[in-house]
Amino acid sequence: QVQLVESGGGLVQAGGSLRLSCAVSGGTFSSYGLGWFRQAPGKEREFVAAISRSEFSTDYANSVKGRFTVSRDNAKNTLYLQMNSLTPDDTAVYYCTARPGWVGTYIYWGQGTQVTVSS
């Protein structure tokens with residue numbers, strides 16, 4: 001019964017910043033690989049960023065690299081996504097996701113938080 005709950009979404013002007021949080025419960029947080037995906041209107045879900053369960057290595061989509069930073073706090077069982085220099089193209093529902101280390105794909109998902117960037 002792993003549960004993920006996103007927060008921190010909202011409306012922001014282009015060029016602004018938001019920090020998304022994802023609270024994880026019901027499992028061993030430190031054993032999970034974690035990630036962020038987003039889905040914009042009329043588009044497929046796309047990968048945004050990920051952070052590993054060991055050594056906290058990170059990966060980013062080219063569209064957000066240099067603007068977004070993914071991090072995790074194992075003491076708080078929380079995943080973060082710091083988003084800077086936002087543009088209208090970043091408008092989407094953002095989902096956090098997790099997978100145990102022995103599972104090859106992400107299997108736990110939050111319900112999403114809306115991010116809207118005005119021009």
Side-chain angles (χ1 to χ4, degrees):
Q1 288 188 301
V2 176
Q3 294 183 327
L4 291 76
V5 180
E6 302 95 337
S7 62
L11 176 64
V12 65
Q13 191 172 349
S17 299
L18 284 174
R19 189 183 74 162
L20 305 183
S21 299
C22 175
V24 182
S25 63
T28 305
F29 182 86
S30 61
S31 72
Y32 302 147
L34 302 168
W36 291 95
F37 286 74
R38 67 186 182 186
Q39 188 166 20
K43 296 185 178 180
E44 298 294 325
R45 184 185 64 183
E46 66 173 345
F47 169 78
V48 176
I51 185 166
S52 72
R53 65 189 180 101
S54 61
E55 299 185 354
F56 290 9
S57 61
T58 57
D59 189 28
Y60 298 93
N62 289 336
S63 60
V64 307
K65 193 169 186 177
R67 299 188 298 121
F68 291 10
T69 302
V70 62
S71 61
R72 64 190 293 168
D73 188 336
N74 285 356
K76 297 181 178 180
N77 288 1
T78 302
L79 170 72
Y80 302 98
L81 184 68
Q82 178 66 46
M83 306 185 296
N84 299 326
S85 301
L86 287 163
T87 77
D89 288 340
D90 296 315
T91 295
V93 177
Y94 284 71
Y95 300 90
C96 62
T97 185
R99 64 176 182 87
W102 61 92
V103 177
T105 60
Y106 292 107
I107 60 173
Y108 303 117
W109 295 85
Q111 293 186 335
T113 185
Q114 176 70 49
V115 172
T116 302
V117 184
S118 62
S119 60

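We're numbering straight along the sequence, starting at 1. Please read these numbers as outputs of a predicted model, since none were measured by experiment.
One finds the CZ atom of Arg53 at 12.0 Å from the CZ atom of Phe56 (value rounded to the nearest 0.5 Å). To the nearest 0.5 Å, the span separating CZ on Arg45 from OG1 on Thr97 amounts to 7.0 Å. For the atom pair OG1 (Thr87) and CZ (Arg67), the distance works out to 5.0 Å, reported to the nearest 0.5 Å.
Hydrophobic cluster membership for Val93: Phe37, Phe47, Tyr95, Tyr106, Trp109 (Ile, Leu, Val, Met, Phe, Trp, Tyr linked by side-chain heavy atoms under 4.5 Å, directly or transitively). If you chain together ILVMFWY residues whose side-chain heavy atoms come under 4.5 Å of each other, Leu11 ends up in a group of its own.
The backbone N or O of Ser7 sits nowhere less than 3.5 Å from a side-chain atom of Thr113 that would complete a donor-acceptor pair. Checking side-chain atoms of Glu6 against main-chain N and O of Cys96 turns up a donor-acceptor pair under 3.5 Å.
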Problem - Check against side chain to side chain contact (heavy atoms under 4.5 Å, CB included), Val64 and Met83 - result: CA-CA 8 Å; Val64 307; Met83 306 185 296; over 6 Å; no
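When all heavy atoms of Val115 and Gly9 are compared, the closest pair comes out as CG2-CA, 4.2 Å. The nearest pair of heavy atoms linking Tyr60 to Thr69 is OH-CA, 3.4 Å. Shown here for Pro100 and Ile107, the closest heavy-atom pair between the two residues is CD-CD1, 3.8 Å. The shortest heavy-atom contact between Arg72 and Ser52 is NH1-O, 2.9 Å.
Shown here are the side chain to side chain donor-acceptor pair (under 3.5 Å) partners of Asp89, two or more places apart in sequence or in another chain: there are none. Not counting sequence neighbours, Thr105 has no partner by the side chain to side chain donor-acceptor pair (under 3.5 Å) test. Looking at residues two or more places apart in sequence or on another chain, you find a side-chain contact (heavy atoms from CB on, under 4.5 Å) between Lys76 and Asp73, Thr78, Tyr80.
Counting heavy atoms from C-beta outward, Arg38 and Thr91 have side chains that stay 4.5 Å or more apart.
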Only distances under 3.5 Å count here; give the side-chain donor-acceptor pairs of residues 12-34 to other protein atoms, sequence neighbours excluded, each with its distance to 0.1 Å.
from  : atom 1 : to    : atom 2 : distance (Å)
Ser17 : OG     : Asn84 : OD1    : 2.9
Ser31 : OG     : Thr28 : O      : 2.7
Tyr32 : OH     : Thr28 : N      : 3.1

